[in-house]
Amino acid sequence: MKTVILGSVLIASLLALVVILFRKRLGLSVFTSIGVHLVMAAAGIYVVNYSGWITGMYIPLNPATIGTVTVLGLPGVGLLLGLKISLFA
C-alpha cells in the first residue's frame, strides 16, 4: 500500500513538472543546454586524463567530478587537479 501511494505521488509530481515546463515555454532548450554542458565536462576530463599533459594524474569520471566541471566549467578541471595534487601527491 505504501509503494502505491509513493508511486502515485511521484507520477503526479512528474506530470505537474512537465505541465509547468511546457506552460512556461522553456521547451527542450534547457535540456539541450544541460546536455551540452555535461558532454563538454566529460570531454574536458577525458582530455586531461588521456592527453599526458600532467603525467600520473587521473580524474575519475563520476557524477561528482562531472557535476563540478559542469557547474564551474574548465576551471573546475583545474580545481579537481589541484585537489588531487594537494591531497594525494
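Just so we're clear, the structure is a prediction, and the values are computed from it rather than from any experiment.
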Under 3.5 Å, which donor-acceptor pairs do the side chains of residues 5-13 form with other protein atoms, sequence neighbours left out?
residue, atom, partner, partner atom, Å
S8, OG, V4, O, 3.2
S8, OG, I5, O, 2.8
S13, OG, V9, O, 3.2
S13, OG, L10, O, 2.9

CG/L83: more than 12 non-hydrogen atoms of other groups inside 6.0 Å: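 Counting neighbours around CG of L83, more than 12 heavy atoms of other residues, nucleotides or ligands fall under 6.0 Å, so yes.
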Contact list for residues 61-78, test side chain to side chain donor-acceptor pair (under 3.5 Å), sequence neighbours left out: N62-T65
By the rule that ILVMFWY residues connect when side-chain heavy atoms come within less than 4.5 angstrom, directly or transitively, which residues belong alongside [X]?
X	value
L14	none
V19	none
M40	V36

Distance in Å, L81 CG paired with M57 CE, rounded so as to fall on 0.5 Å steps: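 One finds 7.5 Å between CG of L81 and CE of M57.
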Separation between CG of L79 and CD1 of I59, rounded to the nearest 0.5 Å: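 The distance works out to 9.5 Å.
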Sequence-distant partners of Y58, side chain to side chain contact (heavy atoms under 4.5 Å, CB included), two or more places apart: N49, Y50, P60
Minimum heavy-atom distance L61-A42, with the two atoms named: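 Closest pair (atom of L61, atom of A42, distance): CD2-O, 4.1 Å.
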Nearest atoms (heavy-atom pairs only) where G44 meets V77: C-CG2, 4.5 Å
Common cluster, V47/L38, ILVMFWY with side-chain heavy-atom separation under 4.5 Å: no
Linked, directly or transitively: V39 and Y46 (ILVMFWY side chains, under 4.5 Å): no
